[in-house]
Structure formats: structure tokens, C-alpha cells
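All remarks here apply to the structure that follows.
Reckoned from all heavy atoms, side chains included, excluding hydrogens, waters and symmetry mates. Every number for a ligand or one of its atoms is a count from 1 in the order of the listing.
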Amino acid sequence: MASPQALVGRHIVLGLSGGIACYKSAELARELVRAGASVQVVMTEAAARFVTPMTMQALSGRPVYTSPWDARPAHHMAHIDLTREADAVLVAPASADFIARLAQGRADDLLGLLCLARPIGRCPLLLAPAMNREMWAHPATQRNVAQAVADGATLLGPDAGEQACGETGDGRMLEPQALCDAMVACFQPKSLAGRRVLVTAGPTFEAIDPVRGLTNHSSGKMGFALARAAVEAGAQVTLVAGPVALPTPTGVQRIDVVSAEQMLAAVMPQASRHQVFIAAAAVADWRPAQSAPHKVKKDGRHAPPALALVENPDILATVARLPAAERPWCVGFAAETDELVRHAREKRLRKGVPLIVANLGPATFGRDDNAVVLVDAEGEHPLPPADKLTLARQLVQAIAARLPATAP
Ligand code: C5P
């Protein structure tokens, strides 16, 4: 899920070094532009053998630079001018040779030169390696990558999988969407750096028999957006997800569960290892008292079976009752159909949590946008309607601002 226009106002130098993954960088340029960034493409000579500067110019809407001798910039200093207006430099693909030159601080082509000449404290350098698995695994490459990272570069990937050479292993460049997401993440404030955040998301499914069950309309989108926003803010994130078909946000450790009891069993051993617990799951309040081992048959002669229900454990309230030393800072959700704030206030006190995020359930289930009110001890703080990822980022900032400085 990309929040629309997440890169508006950002200027990104997209560097391409030589490798077959250059074909993906055409799509990457498009993704970055679609997200609102202005993109300045710089290519090495080798990159221009894989994809033409003409293609990259058409997709970025700007002339492409390939040579330090290019006379177009005002003072004939492309390597200086190009990074002074940049918010970040993203090299994708970053070849083994390019990383080797970077590690040595070489400046024998425009891309290496501008990486060296960039204002290092203000303009981050992100590298998306792409190469054959043996090249990636080689001690020389690993040494060069470690040096580049020690010098301040951020590594994006590589991925594992099928390679253009026909082999399979580590070294594939991340997909354009993942790289664009990483670019967006790079600009988020790191308000949860060093913190561990546990999130529940999605519905639960309470089996009646092996083919039927009780569930609800929760899509899991808000919880997944929160997990992603927390990672972007620098947290280590564990996501306990009910049955949803959503991709795991990059960098999130995911535990899949089905029922409320399974969700509780997954959450409790994790709770005290995390400083924040965000209960975004729409946990079923009840489950069938008995789940039939075989499909309950309809025979046309008997009345429908009676469905006896028992109450599910309240996961949020259970975590909120842990002894103070083991208790993460708890955030609950309230999906209501009416009297939003009154119900949320009551829920906050009943569950014993510092913050409740209130929303109108039927208005948000399954949708990409939402409007929420934060309810804490001080009162109510409405957030304007927005897409769920934008709201999740605001929520993460709101949580970070409320966290005790020395959380347990
Ligand atoms: O009690 P209610 O379901 O309205 O409360 C909603 C909040 O409590 C949400 O944060 C939800 O994730 C959490 N909850 C829970 N376990 C339950 C029921 C709700 O963690 N059994």
C-alpha cells in the first residue's frame, strides 16, 4: 500500500550502474515520479548499455546525465550541482563494480563522483545491489558492502530468487515498488528508533466446524499500515495477523493466527519483549462453545443446530493487566457504529489503556481511508480523514510523543 504522493517535494538522484536489473529501474523511475518526487537520473557508461538514457529521460521527464564533463550544468560541475538540490541518492542497480569503487572513494565517473561529493550529513545514499549470487557472496563484495555501509550508505536488499543468468540465490535487486517504499520510509522521522512494537491486525475466525466459522469484515489494512509505519519510524515490529491476504510490510516479523485463542497464545509470550502494544485486530467477541470435528450436515429433517457461544479472552485487557515491569504501553481500537467518543472513553477506562483510537467500524472496514479520534486521559484529538498509511504515520508519531522516556 503506497500513500499517494508520499514523495511530493522530494528531489531524488536515481543512479544506475551496469546490470540487467537496469530494466527494472525504468519502472522504478516511474514509481518515484508517480509518488510525487522529481527524479534526476544519472547513469554509468555500463548502465547505458542495458537501458538507454532516452528511456530514462522519457520516464523521469528530465535530461539524463552520464558524464562528469557534461557542459549543461551552470558551472560545468554536474557532480556538485546534482547533489546540492537532492534529498537523497538512490543507486539502483548498484553493481559489484560500482560498490567496489564506492568503497574506495573513487571518482572516475559521474555517479561515483557525485556520491563522493554529496553533502553526507544531509543527503542519504541508498544502495540496491543487483548481481549474480556468487558475485554477491564473494568476500571482496561483502567487504566492499560493509565498507560502504560503515561510510554511511543504507543497503536495500538484495532479494533472493531467480536470476537473469539462470541461477537462483541472493543478489536480485528489490522490486521497484519495494524500493519506492524504502525511499518513502527513508524520509520518515525515526521517532521509534530502538523501540519494539507489537501489533495485532485483521479479524479472527472462530470455527463452527472444519468449513464454517464466525468472523467479521476487518481487512487488516489499518494494522498492517501501523506495522509498516512503525518500521519506517525505526522500530522493530512483530505483527500478529488474523486471516487476511495482505503482503507483509518489509522488515516486519509476522506471526499468522486464525482464532482469538491463537492470537492470545501468540501475543502473550511476546508482550513483555515489546515496549508498545497496538491492538488493531477486530477480535471476535465470542466463539462457538464447541467446534465440530466434521462438517455439520444439513439433512432437511432436523431443525438447524443451536449455536452456543462462549466469550473469547480479551487480549488487550490481558496485556494491559500485566505487572508494570512487563507491560508494554498499550493502544486499543474502538470500532463503533454510534456515539464514538463516549464509547471510546468508556472502553479506555474499562480496558485500562492510556490511548484508544476510535473509528466508525462500518465506514472503514475494507477501505483504504479512515477518520479517527484519539482518546487519551487529556481528552479527544481528532485526526483529519486520510488514507490508512498516512493516518498510521500520524498515529505512530502520536504514540511516540506519549511514550515514557524510559519505557520498560
Ligand atoms: O471490546 P472491544 O472489542 O470493543 O475492544 C476493541 C479493542 O480491544 C481493540 O483494540 C481490539 O484489538 C481489542 N480486543 C482484544 N481482544 C478481544 C476483543 C478486543 O484485544 N477479545
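- The protein heavy atom nearest to atom 10 (O) of ligand 1 is A279 O, 2.5 Å.
- Nearest protein heavy-atom neighbour of atom 9 (C) of ligand 1: F333 O, 3.1 Å.
- From the protein, the heavy atom lying nearest to atom 16 (N) of ligand 1 is I315 N, 2.9 Å.
- Atom 17 (C) of ligand 1 has as its closest protein heavy atom V283 CB, 3.5 Å.
- Close approach of ligand 1 to P313 is summarised as follows: ligand atoms under 4.0 Å from at least one heavy atom of the residue are 16 (N), 17 (C), 21 (N).
- For atom 5 (O) of ligand 1, the closest non-hydrogen atom of the protein is K351 NZ, 3.0 Å.
- Where the criterion is an N or O separation shorter than 3.5 Å, residue side chain and backbone included, A284 fails it with respect to ligand 1.
- On a distance-only criterion, V331 and ligand 1 share no N/O pair closer than 3.5 Å.
- A salt bridge links E31 and R34; the closest N-O separation between the charged side-chain nitrogens and carboxylate oxygens is under 4.0 Å.
- Looking at K347 next to ligand 1, an N or O pair under 3.5 Å apart turns up.
- Taking every heavy atom of D285 and a limit of under 4.0 angstrom, the matching atoms of ligand 1 come to 3 (O).
- Across G332, A281, A280, A282, heavy-atom proximity to atom 11 (C) of ligand 1 is greatest for A281.
- K221 and D368 are joined by a salt bridge, as a carboxylate oxygen and a charged side-chain nitrogen come within less than 4.0 angstrom of each other.
- Remark: minimum distance from atom 20 (O) of ligand 1 to any protein heavy atom is reached at L316 N, 2.8 Å.
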